[in-house]
Amino acid sequence: MNIAVILRQVPDTEAVVQPDAARPGSIQEAELKFVLNPFDEYAVEEAVKITEKAGGDAVGFCIGPDRSEAAIRGALAVGLRRAVLITDAAAVEADVVTQGRILAAAIKGFAPELILCGRELIDTSDDAMAAVVAHFLDIPHVLEAVKIEVDGGKATVTREVEGADLEIEARLPVAVSCCKGLNEPRYPKILDIKRSRTKEIKRLTLAELGLESLPAKSRVVELRLPPARPKGIRVDGEPAVAAGQAAEWLSKTAKVV
Amino acid sequence: MGGILVWAETSKDGMRKATREAAAVGLKLAEQTGAPLAAVVCGATPEAAAGLGRLGFSKVYAAAGPAFEKYSSEAYAAAVADAGARMGADVFLMGATALGRDLSASLAARLDAALATDVTDIQWGKTPLTVIRPVYSSKLLAVTELAAERKVLSLRPNVFHAGAEREQTAQVEPLPCEAANIRAQVLRAIEDAGDALDVTEADIIVSGGRGVGGPDGFKLIADLAQTLRGAVGASRAAVDAGWIHYNHQVGQTGKAVSPVLYIACGISGAIQHFAGMGSSKFIMAVNKDKDAPIMEKADFCIVGDLFKVLPILKEELAKVVKTN
């Protein structure tokens, strides 16, 4: 079974990100450490797990600048066969619907039965990619999977909504976004890391995909820091006294009781 | 500007709170721009559809039939797009609930629209429509101009205020339902045990971290949450230790929440956790470590042993709750 895995390189989760005054809508990148989008790790693991069992190839598809190769190499070390990288600035800077259209065009020829991606891109906080790619490939999608079972031309996927778990049956091919809880991503072995260096990362351009005119649907005009929180009240007396003060604050200041 | 269409999401007990919030945003936008406003609802009874008048809608498009008994991205997006075409809508609003996020994605792709998910603010009066949404795990806010002709917005629950209900019945227009080609179908919904409130829609969240010590410690958290009629949250450390289900996790790899009050108990407040709850209106922290990062961010900090403080706090609050 062939599986496409959508990848993104993002700033490390512990990174402090700052707006770049010189480039409105962008962050300062000079000191940043980048990693594979944390939710993509579940997608990569699931793809490798399924292809190990059922055969077929798992191939990565990524939109991002040149530096994205480092994150892609990590996914190749875990077990993706090869990867495709699109570095055109127009693609890198595009909104999620446009990026989904581009990825769909790149994935189409590979004709996978399953398309996996992370639940959310932790840089742009977009969680729509699986649905958008599915739309442009005219296939169904399921978001936020915590369980995927593929059998006989269909996938049974479990996702959580408020107050319930939904069990969804989808015809293949299907695009699924992956949540924490789906699996335990493995750490690649040294030998796999060495081997991954010879795996192919193919560059693809928007021109090659026949997608040269992509008007921007939306544009981040400014990135700003959230308002700083004022310094709080601190109590450290006897538990009974502190609890009493807290109860009073909850009632008089926060007004929640 | 064309019309404004709000997707009304139903729940077991009527309309979701997030729908009431989206209705209020729709009303304000309609008032400011003079654009017509309507709602679309799927799988609701005609009475429930007409009842949307109470949220301020005079017109409601209703899709009913077997295809709408359970949520499906394909049938629901088709119905919302159909209603949008009928009224000439170019702005589509919904709550950023689990299904709202799914629908907004399908709809935006189908309409080739600008998509803004988890919106926390709108720059009223700007053209083109300009919204603010948290990015980089809420470490930054992105002021985003939605230039495309059609715009799909999902609004973060608990951020926008729902308006007062009105004495009004909406005119209901049924949508003809052609047999949609549904390729992803909900087989069954496994309801959570009890009526545990989800953190994303809760006004009050009491959350536990490593300092809670284990599943037993979460009973203290749940007790306090119950007294405050709030939801139970957790840090990644507590979830990874297996003390509580992932459903409850708040933070970068969990859920982003914006309650009125967030009480962090035994949570150090790493940047990844703060990312998920930093937009709470009030933050209270209970922690033994006076230097824990959460103590720098909280509005009210109790330096002390949560096992001693929480039971007393619960009793104090129970008294107040009772007298109210």
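Side chains are part of it too, since the values below use all heavy atoms of this structure and drop only hydrogens, waters and symmetry mates. The chains referred to below are lettered A, B, ... by the order of the sequence lines, with proteins before strands, and numbering in each begins at 1.
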> Measuring from Asp95(A):CG to Arg101(A):CZ, what's the distance to the nearest 0.5 Å?
Replying inline: 10.0 Å
> Who among Ser106(B), Pro128(B), Ser104(B) has the most heavy-atom pairs with chain A under 4.5 Å?
Replying inline: Ser106(B)
> Are a donor atom and an acceptor atom from the side chains of Gln9(A) and Arg67(A) found within less than 3.5 Å of each other?
Replying inline: yes
> For Tyr136(B), is it the side chain, the backbone, both, or neither that has a heavy atom closer than 4.5 Å to a heavy atom of chain A?
Replying inline: both
>> Angle between ring planes, Tyr262(B) versus His273(B), binned at 30° and 60°: parallel, tilted or perpendicular?
In response: tilted
> Using non-hydrogen atoms only, which part of Arg16(B) is less than 4.5 Å away from chain A: side chain, backbone, both, or neither?
Replying inline: side chain
> So, Lys17(B) and Glu201(B), do they make that salt bridge, N to O below 4.0 Å?
Replying inline: no
> Got a salt bridge between Asp127(A) and Arg101(B), using NZ or NE/NH1/NH2 to carboxylate O under 4.0 Å?
Replying inline: yes
>> Can you tell me which portion of Gln245(A) sits under 4.5 Å from chain B's heavy atoms? Options are side chain, backbone, both or neither.
In response: both
>> Less than 3.5 Å apart, any donor N or O on the side chain of Ser279(B) or Ser258(B) sitting next to an acceptor on the other?
In response: yes
> Given that the side chain runs from C-beta out, which part of Asp118(B) has a heavy atom under 4.5 Å from chain A: side chain, backbone, both or neither?
Replying inline: neither
>> Is Ala216(A) close to chain B through its backbone or its side chain, or both, or neither, when contacts mean heavy atoms under 4.5 Å?
In response: backbone
>> If you define the side chain from C-beta out and look only at heavy atoms, does anything of Leu116(A) sit under 4.5 Å from Leu114(A)?
In response: yes
> With chain A, which of Ala116(B), Gly254(B), Ala275(B) has the greatest number of heavy-atom pairs at distances under 4.5 Å?
Replying inline: Gly254(B)
>> Do the side chains of Asp198(B) and Lys255(B) get close enough for a salt bridge, i.e. N-O under 4.0 angstrom?
In response: yes
>> I'd like to know which of Leu99(B), Ile271(B), Asn247(B) tops the heavy-atom pair count under 4.5 Å against chain A.
In response: Asn247(B)
>> Shorter than 4.5 Å, heavy atoms on both sides: which option in Pro134(B), Ala113(B), Ala285(B) has the most such pairs with chain A?
In response: Ala113(B)
> Is a side-chain donor-acceptor pair under 3.5 Å present for Arg133(B) with Thr117(B)?
Replying inline: yes
> Just by distance, with hydrogens left out, do Tyr76(B) and Asp102(B) show a side-chain donor and acceptor under 3.5 Å apart?
Replying inline: no
>> Tell me which of these, Leu223(A), Thr13(A), Asp236(A), Val132(A), has more heavy-atom pairs under 4.5 Å with chain B than the rest.
In response: Thr13(A)
> Val235(A) versus chain B, heavy atoms under 4.5 Å apart: side chain, backbone, both or neither?
Replying inline: both
> side-chain contact (heavy atoms from CB on, under 4.5 Å) with Asn37(A): which residues, sequence neighbours excluded?
Replying inline: Arg8(A), Val10(A), Phe39(A), Asp40(A), Leu121(A), Ile122(A)
> Which one, Arg119(A), Glu222(A), Arg159(A), Met129(A), leads in non-hydrogen pairs under 4.5 Å with chain B?
Replying inline: Glu222(A)
>> Side chains of Gln123(B) and Thr130(B) only: does a donor on one sit below 3.5 Å from an acceptor on the other?
In response: no
>> With chain B as the partner, which of Thr156(A), Val174(A), Leu250(A) has the greatest number of non-hydrogen pairs under 4.5 Å?
In response: Leu250(A)
>> Quick check for you: among Ala270(B), Ala105(B), Ala256(B), Gly230(B), which has the greatest number of heavy-atom pairs under 4.5 Å with chain A?
In response: Ala105(B)
> Picking from Val142(A), Val161(A), Ile139(A), Leu225(A), which has the most non-hydrogen pairs under 4.5 angstrom with chain B?
Replying inline: Ile139(A)
> Where does Pro226(A) contact chain B at under 4.5 Å (heavy atoms): side chain, backbone, both or neither?
Replying inline: both
>> Let's test your reading of the structure: which of Glu238(A), Lys231(A), Lys154(A), Glu144(A) forms the most heavy-atom pairs below 4.5 Å with chain B?
In response: Glu144(A)
>> Let's test your reading of the structure: which of Leu146(B), Leu228(B), Leu141(B), Ile283(B) forms the most heavy-atom pairs below 4.5 Å with chain A?
In response: Leu141(B)
>> Below 4.5 Å, heavy-atom pairs only: which of Ala247(A), Gly163(A), Ala242(A), Ala131(A) has the largest tally toward chain B?
In response: Gly163(A)
> Tell me, side chain or backbone of Val186(B) under 4.5 Å from chain A's heavy atoms, or both, or neither?
Replying inline: both
>> If I measure from the heavy atoms of chain B, does Val96(A) come under 4.5 Å with its side chain, its backbone, both, or neither?
In response: side chain
N/O donor to acceptor pairs below 3.5 angstrom from side-chain atoms of residues 300-317 of chain B, sequence neighbours left out:
unit_1, atom_1, unit_2, atom_2, d
Asp305(B), OD1, Phe307(B), N, 2.9

> Side chain, backbone, both or neither: which part of Arg224(A) has an atom under 4.5 Å from a heavy atom of chain B?
Replying inline: both
> Is any side-chain N of the basic residue among Lys217(A) and Asp112(B) closer than 4.0 Å to the acidic one's carboxylate O?
Replying inline: yes
>> Which atoms of Ala189(B) are under 4.5 Å from chain A, going by heavy atoms: the side chain, the backbone, both sets, or neither?
In response: both
> Measuring heavy-atom distances to chain B, does Thr158(A) have an atom under 4.5 Å in its side chain, in its backbone, in both, or in neither?
Replying inline: neither
